[in-house]
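Report on the structure given below.
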Amino acid sequence: MKHMNSSQTHSDDVAYFIAFCIETYKNTNGMTGAEASRLFSATGLTEFLADNFEPIHTQSPQWIMEEINEYIATHK
């Protein structure tokens, strides 16, 4: 069994969290995954979520979606 270092584990956690956010956002807004992913990239939201992973990922999905909607509204 291959052991991952803590840096790799953290990177995976961040990637899974961003995927969760994209999936939840696309389902909430009737978009495709590609559309949501492009929006996250174009607005800098992907980087914002990665940079703020620690305080954000422990919040409720509803709170996270409100935060994402607010971010997108101010960065379009």
Side-chain angles (χ1 to χ4, degrees):
M1 180 177 190
K2 186 173 140 184
H3 291 283
M4 287 189 268
N5 64 38
S6 63
S7 175
Q8 181 62 49
T9 302
H10 178 76
S11 294
D12 288 350
D13 289 347
V14 172
Y16 291 132
F17 173 67
I18 291 170
F20 163 80
C21 291
I22 291 171
E23 188 72 15
T24 304
Y25 187 84
K26 83 169 181 76
N27 291 339
T28 302
N29 293 282
M31 304 171 87
T32 68
E35 289 169 334
S37 185
R38 277 194 298 275
L39 178 62
F40 277 41
S41 292
T43 59
L45 182 54
T46 305
E47 292 78 14
F48 173 80
L49 292 171
D51 291 346
N52 295 282
F53 170 76
E54 289 303 329
I56 295 176
H57 84 279
T58 59
Q59 302 299 319
S60 71
Q62 295 83 4
W63 186 93
I64 294 169
M65 283 303 107
E66 288 173 17
E67 191 72 13
I68 287 172
N69 288 331
E70 186 177 309
Y71 182 94
I72 289 172
T74 59
H75 290 84
K76 272 192 167 178

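Quantities reported herein were computed from a predicted structural model and do not represent experimental measurements.
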Once rounded to the nearest 0.5 Å, what's the spacing between atom [atom1] of [X] and atom [atom2] of [Y]?
{"X": "F17", "Y": "D13", "atom1": "CZ", "atom2": "CG", "value": "11.0 Å"}
{"X": "I22", "Y": "L49", "atom1": "CD1", "atom2": "CG", "value": "8.5 Å"}
{"X": "E67", "Y": "E70", "atom1": "CD", "atom2": "CD", "value": "5.5 Å"}
{"X": "I64", "Y": "E66", "atom1": "CD1", "atom2": "CD", "value": "10.5 Å"}
{"X": "L39", "Y": "H75", "atom1": "CG", "atom2": "NE2", "value": "12.0 Å"}

Any sub-3.5 Å donor-acceptor pair from Y25's side-chain atoms to M31's backbone N or O?
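The answer is no, because no donor-acceptor pair under 3.5 Å joins these two groups.
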Can you check whether T24's main-chain N or O pairs, donor with acceptor, with T28's side chain at less than 3.5 Å?
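Yes; at least one donor-acceptor contact below 3.5 Å.
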Derivation of the ring-ring contact (aromatic ring centres under 6.0 Å, His included) call for F53 and H10
CA-CA 10 Å; F53 170 76; H10 178 76; 5.4 Å; yes
Do L45 and W63 land in one hydrophobic cluster if side-chain heavy atoms of ILVMFWY residues count as linked below 4.5 Å?
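Hydrophobic grouping puts L45 with W63.
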Residue pair E35 / R38, side-chain heavy-atom distance below 4.5 Å
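Yes, side chains in contact.
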Residue pair T43 / F48, side-chain heavy-atom distance below 4.5 Å
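Not touching, per the 4.5 Å side-chain cut-off.
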So, for M65 and C21, which heavy atoms are closest and what is the spacing to 0.1 Å?
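What the structure gives for the nearest pair is CE-O, 3.7 Å.
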